[in-house]
J.: 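Let me give you the structure first, and then I'll get to my questions.
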Amino acid sequence: MARAEKRTGRRTKTNLLVGGVAGFGSYLFAAGGDSWGQGTVWQDLASTEAWPWFLVVGTIAVTAPRLLDAVFRATLAMVLMVLGYYLVGTGGLLDQGNRDALFGWGAVALTAVPLVAAGAYGIRRAVLLMFGPPAPPRGR
């Protein structure tokens, strides 16, 4: 039992690290689009398009060892990005627009992101099963 607990603790730490780093990187991308990318494609990608964020989610998901890890890491990353951007990056929730955007993007982070992560992980798994080496025969 101690071995399983040790493995679970190691996976949890790894998931928190990966999700935290990805969330911080996503926050920097979003904040950078507002401050340095005024009037550029960067600003458009960071503020109006959803596909760059789902690309991040997919990348996190396909590099995870298990489905649960993929969903947890991606969801944590996006929740941290949304909270960081709207609570720290924009100066708080004093503006009604910031509050609405926090709830809107927060809903995406908690609903669509786990689905996209699960889908990306599933695609990875299917590709590995189709094109990977055959499984060794099981002993009886």
Side-chain angles (χ1 to χ4, degrees):
M1 190 68 173
R3 188 171 157 195
E5 290 173 1
K6 190 175 184 180
R7 185 175 41 219
T8 301
R10 191 171 49 243
R11 279 192 177 144
T12 301
K13 289 176 188 174
T14 303
N15 287 341
L16 290 173
L17 178 68
V18 171
V21 168
F24 184 68
S26 297
Y27 163 72
L28 292 178
F29 177 75
D34 280 352
S35 57
W36 301 313
Q38 290 294 325
T40 65
V41 174
W42 183 5
Q43 181 184 22
D44 186 46
L45 287 176
S47 61
T48 59
E49 301 291 333
W51 70 263
W53 304 112
F54 289 119
L55 184 64
V56 170
V57 168
T59 303
I60 294 168
V62 299
T63 59
R66 298 181 314 156
L67 175 62
L68 183 63
D69 297 329
V71 171
F72 181 72
R73 290 174 182 185
T75 303
L76 177 64
M78 289 300 107
V79 166
L80 290 175
M81 185 278 295
V82 168
L83 289 175
Y85 183 77
Y86 288 108
L87 294 178
V88 177
T90 60
L93 293 175
L94 299 178
D95 182 21
Q96 179 67 30
N98 281 350
R99 199 168 327 139
D100 292 344
L102 171 70
F103 290 127
W105 278 103
V108 168
L110 294 174
T111 58
V113 166
L115 294 175
V116 170
Y121 183 83
I123 290 170
R124 171 194 171 244
R125 184 97 169 120
V127 167
L128 289 176
L129 287 173
M130 286 190 312
F131 301 111
R138 294 184 181 197
R140 292 182 185 192

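Quantities reported herein were computed from a predicted structural model and do not represent experimental measurements. The figures that follow rest on heavy atoms only: side chains count, while hydrogens, waters and symmetry mates do not.
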J.: State, yes or no, whether a side-chain contact exists between Leu17 and Lys13 at a heavy-atom distance under 4.5 Å.
T.: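 Side chain of Leu17 against side chain of Lys13, heavy atoms only: no contact under 4.5 Å found.
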J.: Taking everything shown except Arg11 itself, do over 12 heavy atoms lie less than 6.0 Å from its CZ?
T.: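 Atom CZ in Arg11 is crowded, with more than 12 foreign heavy atoms closer than 6.0 Å.
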J.: Measure the spacing between OH of Tyr86 and CG of Leu83 and express it to the nearest 0.5 Å.
T.: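 Going from OH on Tyr86 over to CG on Leu83, the span is 11.0 Å.
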J.: Is Leu55 linked to Met81 within one hydrophobic cluster, defined over Ile, Leu, Val, Met, Phe, Trp and Tyr using a side-chain heavy-atom separation of less than 4.5 Å?
T.: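 Yes, same cluster.
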J.: Remaining members of Leu129's ILVMFWY cluster at a side-chain heavy-atom cut-off under 4.5 Å?
T.: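 Members besides Leu129: none; it forms no cluster.
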J.: Nearest 0.5 angstrom please: Ile123 CD1 to Arg125 CZ, how far?
T.: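 If I round to the nearest 0.5 Å, the distance is 14.0 Å.
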J.: Using atom types as modelled, flag every donor-acceptor pair under 3.5 Å from a side chain in residues 107-121 to any protein atom, sequence neighbours excluded.
T.:
residue: Thr111; atom: OG1; partner: Ala107; partner atom: O; Å: 2.5
residue: Tyr121; atom: OH; partner: Pro65; partner atom: O; Å: 3.1

J.: Same cluster or not: Leu16 versus Ile60, using hydrophobic residues (I, L, V, M, F, W, Y) connected whenever any side-chain heavy atoms lie under 4.5 Å apart?
T.: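 No, Leu16 and Ile60 fall in different hydrophobic clusters.
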J.: Find out if a path of hydrophobic residues (ILVMFWY) with successive side-chain heavy-atom gaps under 4.5 Å connects Leu68 to Val18.
T.: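 They do not share one cluster, since no chain of ILVMFWY contacts under 4.5 Å joins Leu68 to Val18.
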J.: Determine, using the 4.5 Å side-chain heavy-atom cutoff (strictly less than), whether Val57 and Val127 are members of one ILVMFWY cluster.
T.: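 Looking at the clustering, Val127 is in a separate group from Val57.
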J.: Could you go through residues 71-80 and list every donor-acceptor pair under 3.5 Å that involves a side-chain atom there, pairing it with any protein atom two or more places apart or in another chain?
T.:
residue: Arg73; atom: NE; partner: Asn15; partner atom: OD1; Å: 2.5
residue: Arg73; atom: NH2; partner: Asn15; partner atom: OD1; Å: 3.1
residue: Thr75; atom: OG1; partner: Val71; partner atom: O; Å: 2.8

